[in-house]
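We count residues from 1, following the sequence as given. Counting starts at 1 for both ligands and their atoms, in listed order.
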Amino acid sequence: MKIINQISEALQKGQAPAVKEMCRKALDDGLNAKEILEGGLMDGMSIIGDKFKKNEVFVPEVLIAARAMNAGIEILKPLMMDAGVEAAGKVVIGTVKGDLHDIGKNLVKIMMEGKGFEVIDLGTDVSAEKFLETVKSENADIICCSALLTTTMTYMKDIVNAFEEDGKRDNVTIMVGGAPVTQNFCDTIGADIYSADAASAADAALGALAS
Ligand code: B1M
């Protein structure tokens with residue numbers, strides 16, 4: 001079996017040390033970080049996601065798979081970042097209120113840092129007030145809101161409203177993303193930029209500051 005498939009399988013079994021070791025080996029074998037992330041780690045997590053949906057695995061299995069994914073990302077992280085890039089601007093990132101999924105958000109953070117942004121990570125379950133307060137105290141240029149649940153993505157509208165009501169809407173670029181989020185949803189709630197994945201979020205952030 002190819003190493004990339006072995007990584008996916010080990011992730012599905014929640015074998016964090018094996019995932020870590022195999023990510024190192026895959027890099028030694030000449031695969032690049034993107035190939036390992038997409039073909040191994042994200043592939044494994046997507047299979048777990050499907051099984052979770054069908055009630056073939058449950059929260060504990062998903063959590064240990066998530067831990068294994070994070071272990072693999074740790075190995076790839078230095079290679080996903082361009083070294084020595086100058087600070088491009090300040091980003092405040094968080095998973096929205098009610099939502100505890102943070103793997104995608106953490107990837108966006110890594111890619112943003114790789115493009116030279118200073119990233120303030122508010123973690124998960126972040127309220128509109130917390131985003132607003134942090135943008136004001138840190139004088140940040142961009143906020144990135146992540147949501148993985150159809151029930152929490154709607155909270156992104158509350159975040160846009162909070163900035164509008166405070167008169168700060170024009171001072172900040174509001175970026176949104178996460179599996180259920182779409183360009184159409186972004187337009188509907190009045191956010192500025194939708195990105196389907198972490199790499200394009202980082203590119204879009206650079207583009208927003210340049211314009
Ligand atoms: Co959850 N979960 N989960 N879960 N979970 C999903 C999201 C689900 C689709 C599974 C399923 O049913 N197939 C489903 C949501 C259904 C829906 O709303 N449509 C679901 C559910 C229902 C739940 C619970 C309600 C289950 C329960 O308790 N009954 C519960 C909710 C808890 C809560 O948040 N309040 C729950 C809990 C959990 C765990 C804690 C067990 C765990 C999270 C662990 C963690 O994050 N530390 C978990 C996981 C791991 C998943 C799945 C399996 C994987 C998510 C993931 O990390 N994907 C997921 C199924 C799936 O997605 N296939 C599922 C990998 C990650 C790299 O992708 O986050 O999409 P993603 O990020 C992408 C892009 O979306 C984008 O960039 C990344 C790629 O480059 N992106 C952004 C993300 N954020 C962005 C922000 C941006 C830009 C781009 O800003 C600009």
Side-chain angles (χ1 to χ4, degrees), residues 8 11-12 14 16 19 33-34 36-74 76-77 80 89 91-115 117 119-127 131 140-156 159-160 172-183 185-186 189 191-209:
S8 169
L11 183 143
Q12 292 168 52
V19 168
K34 186 169 185 281
I36 301 168
L37 178 70
E38 290 176 358
L41 301 177
M42 287 174 73
D43 178 76
M45 189 51 91
S46 146
I47 294 170
I48 280 287
D50 288 343
K51 289 188 174 168
F52 188 37
K53 197 173 178 180
K54 293 183 206 146
N55 288 325
E56 289 170 13
V57 299
F58 301 96
V59 171
E61 286 97 324
V62 181
L63 266 180
I64 58 165
R67 243 175 256 148
M69 174 134 188
N70 282 326
I73 289 173
E74 271 307 303
L76 304 181
K77 187 173 167 180
M80 289 157 66
V91 175
V92 176
I93 194 166
T95 304
V96 304
K97 195 171 171 179
D99 201 321
L100 303 175
H101 296 86
D102 67 357
I103 297 172
K105 185 261 303 166
N106 294 342
L107 278 176
V108 175
K109 179 183 176 190
I110 292 170
M111 298 310 272
M112 291 274 180
E113 288 175 340
K115 292 284 178 192
F117 285 98
V119 183
I120 299 153
D121 185 357
L122 300 179
T124 58
D125 192 23
V126 182
S127 67
F131 273 111
D141 310 287
I142 295 175
I143 65 166
C144 282
C145 310
S146 179
L148 265 286
L149 301 171
T150 46
T151 48
T152 57
M153 64 190 263
T154 50
Y155 188 74
M156 289 174 170
I159 296 172
V160 174
V172 72
T173 299
I174 301 184
M175 297 183 60
V176 293
V181 180
T182 61
Q183 180 64 58
F185 178 75
C186 169
I189 64 167
D192 298 307
I193 299 172
Y194 159 72
S195 305
D197 59 69
S200 39
D203 287 339
L206 271 186
L209 289 196

Which heavy atom of the protein is the closest neighbour of atom 88 (C) of ligand 1, given with residue, atom name and distance? Gly177 CA, 3.6 Å

Looking only at distances, please establish whether an N/O atom of ligand 1 is found under 3.5 Å from an N/O atom of Ser146. yes

Going by heavy-atom distance to atom 17 (C) of ligand 1, choose the closest among Val96, Thr150, Val176, Asp197. Thr150

For Gly94 and Val126, the nearest pair of non-hydrogen atoms, with its separation, is CA-CG2, 4.1 Å

Atom 60 (C) of ligand 1 protein-contacted, heavy-atom criterion under 4.0 angstrom: yes

What are the two closest non-hydrogen atoms of Ser195 and Ala204, and how far apart are they? OG-CB, 4.1 Å

Could you go through Leu100 and Asp125, starting from their C-alpha distance and side-chain angles, then the distance that decides it, and tell me whether this counts as side-chain contact (heavy atoms from CB on, under 4.5 Å)? CA-CA 6 Å; Leu100 303 175; Asp125 192 23; 4.2 Å; yes

closest protein heavy atom to atom 44 (C) of ligand 1 is Ala66 CB, 3.9 Å

Would you name the heavy atoms of Leu11 and Met45 that are closest together and state the gap between them? CD2-N, 3.5 Å

Does atom 38 (C) of ligand 1 have any protein heavy atom closer than 4.0 Å? yes

For Gly98, does its backbone N or O pair with a side-chain atom of Thr152 as donor and acceptor, under 3.5 Å? no

Can you tell which of Ile93, Leu63, Asp192 gets a heavy atom nearest to atom 40 (C) of ligand 1? Leu63

Stepwise, does the side-chain contact (heavy atoms from CB on, under 4.5 Å) test hold for Met156 with Val160? CA-CA 6 Å; Met156 289 174 170; Val160 174; 5.7 Å; no

Polar proximity ligand 1 side, Val108 side, N/O cut 3.5 Å exclusive: no

Taking it one step at a time, do Ile93 and Val108 satisfy side-chain contact (heavy atoms from CB on, under 4.5 Å)? CA-CA 9 Å; Ile93 194 166; Val108 175; 3.7 Å; yes

Determine, stepwise, if the pair Phe131 / Val172 fulfils side-chain contact (heavy atoms from CB on, under 4.5 Å). CA-CA 11 Å; Phe131 273 111; Val172 72; over 6 Å; no

Pick out which of Leu107, Ile110, Leu37 makes a side chain to side chain contact (heavy atoms under 4.5 Å, CB included) with Leu76. Leu37

protein heavy-atom neighbour closest to atom 27 (C) of ligand 1 works out as Val59 CG2, 4.3 Å

If you measure every N/O of Leu100 against every N/O of ligand 1, is any gap under 3.5 Å? yes

Test salt bridge (charged side-chain N to carboxylate O under 4.0 Å, His left out) applied to Glu61 - qualifying residues, sequence neighbours left out: none

With heavy atoms of Leu107 as the reference, note each atom of ligand 1 found under 4.0 Å away. 67 (C)

I'd like to verify the contacts: list protein N, O or S atoms under a distance of 2.8 Å from atom 1 (Co) of ligand 1. His101 NE2

In the complex you have, is atom 83 (C) of ligand 1 within reach of the protein, judged by whether a heavy-atom distance drops under 4.0 Å? yes

Do any N or O atoms from the side chain of Asp192 and from the backbone of Ile174 form a donor-acceptor pair under 3.5 angstrom? yes

One residue to check: Ala147. Relative to ligand 1, which of side chain, backbone, both or neither has a non-hydrogen atom less than 4.0 Å away? neither

Heavy-atom distance to atom 58 (N) of ligand 1: which of Met45, Met42, Lys53 wins? Met45

Give me the residue, atom name and distance of the protein heavy atom closest to atom 91 (C) of ligand 1. Met175 CB, 3.5 Å

Does any N or O atom in Ala179 lie less than 3.5 angstrom from one in ligand 1, N or O only? yes

Which heavy atom of Ala208 sits nearest a heavy atom of Thr173, and at what distance? CB-CG2, 4.2 Å

Counting only heavy atoms on the protein side, is anything nearer than 4.0 Å to atom 29 (N) of ligand 1? no

Distance col, row Thr150:OG1 vs Phe185:CZ, nearest 0.5 angstrom, shows 10.0 Å

Contact atoms of ligand 1, heavy-atom distance to Ala198 under 4.0 Å: 77 (O), 79 (C), 80 (O)

So for Ala196 against ligand 1, with non-hydrogen atoms under 4.0 Å, the contacting part is backbone

Going by salt bridge (charged side-chain N to carboxylate O under 4.0 Å, His left out), name the residues that satisfy it together with Lys34, two or more places apart in sequence or in a different chain. Glu38

Starting at CG of Leu206, measure out to CE of Met112 and round the result to the nearest 0.5 Å. 8.5 Å

Which protein non-hydrogen atom lies closest to atom 72 (O) of ligand 1, naming both residue and atom, and how far is it? Gly104 CA, 3.3 Å

If we number the atoms of ligand 1 from 1 as shown, the ones under 4.0 Å from a heavy atom of Asp99 are 34 (O)

Provide the closest heavy-atom pair for Ala191 versus Val176 in the form atom of the first, atom of the second, distance. CB-CG1, 3.9 Å

Find out whether His101 and Ser146 are in side-chain contact, i.e. whether some heavy atom of one side chain is under 4.5 Å from a heavy atom of the other. no

Give the atom numbers and elements of ligand 1 that come within less than 4.0 Å of a heavy atom of Gly178. 75 (O), 81 (N), 82 (C), 83 (C), 84 (N), 85 (C)

Element-labelled atoms of ligand 1 that are located less than 4.0 Å from some non-hydrogen atom of Cys145: 86 (C), 90 (O)

So, is Gly98 polar-close to ligand 1, with some N/O to N/O distance under 3.5 Å? yes

Heavy atoms only: which of Asp102, Val91, Val57, Ile103 is nearest to atom 47 (N) of ligand 1? Asp102

Indicate yes or no for a side-chain donor-acceptor contact from Glu74 to the backbone of Asn70 under 3.5 Å, with no hydrogens or angles considered. no

Any salt bridge (charged side-chain N to carboxylate O under 4.0 Å, His left out) pairs touching residues 94-107, not counting sequence neighbours? Lys105-Asp121

Please list, in number order, the atoms of ligand 1 under 4.0 Å from a heavy atom of Ser195. 88 (C), 89 (C)

Heavy-atom distance from atom 52 (C) of ligand 1 to the protein below 4.0 Å? no

